[in-house]
Amino acid sequence: RPRVLSGIQPTADSFHFGNYLGALRQWVDLQREHQPFFFIADLHAITVEQDPAVLRERTLRAAAQLLAMGIDPARSAIFVQSQIPQHAQLSWVLQCLTGFGEARRMTQFKDKSAKAGEGAASVGLFTYPILQAADILLYRPHYVPVGEDQRQHLELTRDLAQRFNSRYKKTFRLPEPYILKSTAKITDLQDPTSKMSKSASSPSGIVELLDDPKVSAKKIRSAVTDSGSEVRFDPEEKPGISNLLTIYSSLTDRSIAGLEEEYAGRGYGDFKKDLAEVVVEFVTPFRDRTLELLEDQKQLSSVLEQGRQVATEVAEATLRDVWQRVGFVAPA
Ligand code: AQP
């Protein structure tokens with residue numbers, strides 16, 4: 001079975017609709033016919049300051065949410081990145097293959113460091129995409145399911161894999177991004193030309209899966225819409241309505257054309273009211289299930305331990321090849 005790998009940062013109390021529709025839903029679907037490795041990216045989380053107790057808590061909440069959305073530990077290895085030391089070790093080798101200018105071109109770093117203010121961004125935030133390349137290449141996956149914002153990092157990953165392979169010996173598979181066009185960029189409910197993002201969106205622009213469902217419904221009902229009154233998919237002219245149509249369509253598996261037809265002549269109010277109900281129906285059981293899973297920390301730890309063991313086996317084998325190819329002397 002082809003391998004897939006992806007990760008998510010434990011940097012909020014809850015995943016949001018961008019994370020879920022852009023990436024996590026594909027994780028769930030892909031596990032049927034692939035061999036998945038899914039990790040909680042706590043090493044990435046500390047590229048910006050984190051409270052240690054909160055980080056620990058959020059890591060477990062992330063694991064519970066993954067299980068609640070249908071990641072099955074019998075099919076997928078779910079693990080915590082910091083428990084596999086090979087990620088940081090491979091990252092060092094890849095950093096030594098990355099040009100400074102090449103790293104500086106990463107747009108996510110440019111955006112985030114600009115926000116942090118002159119000189120305030122950490123070196124970790126700068127080298128983040130290289131750690132991400134290591135996360136991926138260690139497991140030699142075929143596909144990496146992510147949102148559109150990760151495409152450039154995936155390209156860097158492929159470049160580094162190719163560079164290592166040609167400088168030393170073919171070691172890494174060149175992974176393909178797996179980006180679903182329809183949900184590649186879920187946008188902010190209040191600013192529908194920007195992506196929904198935990199660090200950039202205002203509270204009313206972002207729907208969190210673990211929020212009180214009533215609050216989420218209200219956010220949908222007060223989402224910014226566009227001029228006119230026609231429910232029509234047109235991301236250029238109607239970014240707000242198009243984003244809501246995307247969310248509606250992917251939560252219900254109904255086609256956008258079918259939804260346009262259903263709401264023809266009915267105006268935005270009806271449409272948003274119905275979508276708010278769809279959202280409530282989705283998040284309510286998800287939230288209950290997550291909270292239930294969080295009650296049983298023993299079970300969560302055992303899922304993560306099982307994942308750690310599977311991941312370690314693969315990561316150790318890859319790193320052994322890398323160390324040998326780079327020219328490091330093996331211990332006697
Ligand atoms: N708005 C989005 N639309 C589609 N996909 C998205 N992803 C994130 N936002 C959207 C995808 O979610 C996965 C997890 O990404 P992450 O752990 O890097 O989460 P994140 O980037 O921390 O989420 P945010 O909200 O985007 O955080 P900030 O604001 O800190 O950058 C990835 O596959 C990502 O593509």
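Everything numeric here is computed off the predicted structure, so don't read it as measured data. Numbering of ligands and ligand atoms starts at 1, following listing order.
No side-chain donor from either of Glu313 and Gln309 sits under 3.5 Å from a side-chain acceptor of the other. Remark: the Ser76 side chain and the Gln31 side chain contain an N/O donor-acceptor pair separated by less than 3.5 Å. Gln35 and Arg3 share a side-chain donor-acceptor pair at under 3.5 Å. Looking at Ser201 and Asp188, their side chains do bring a donor and an acceptor atom within 3.5 Å of each other.
Relative ring orientation between His34 and Tyr143 is described as perpendicular, the plane-to-plane angle rising above 60° on a 0-90° scale split at 30° and 60°. Using bins of under 30°, 30° to 60° and over 60° for the plane-to-plane angle, the ring pair Phe271/Tyr248 lands in the parallel bin.
Residues with a heavy atom under 4.0 Å from ligand 1: Ile8, Gln9, His16, Gly18, Asn19, Gly22, Ala23, Lys112, Tyr128, Val146, Gly147, Asp149, Gln150, Thr183, Ala184, Lys185, Ile186, Lys195, Met196, Ser197, Lys198, Ser199.
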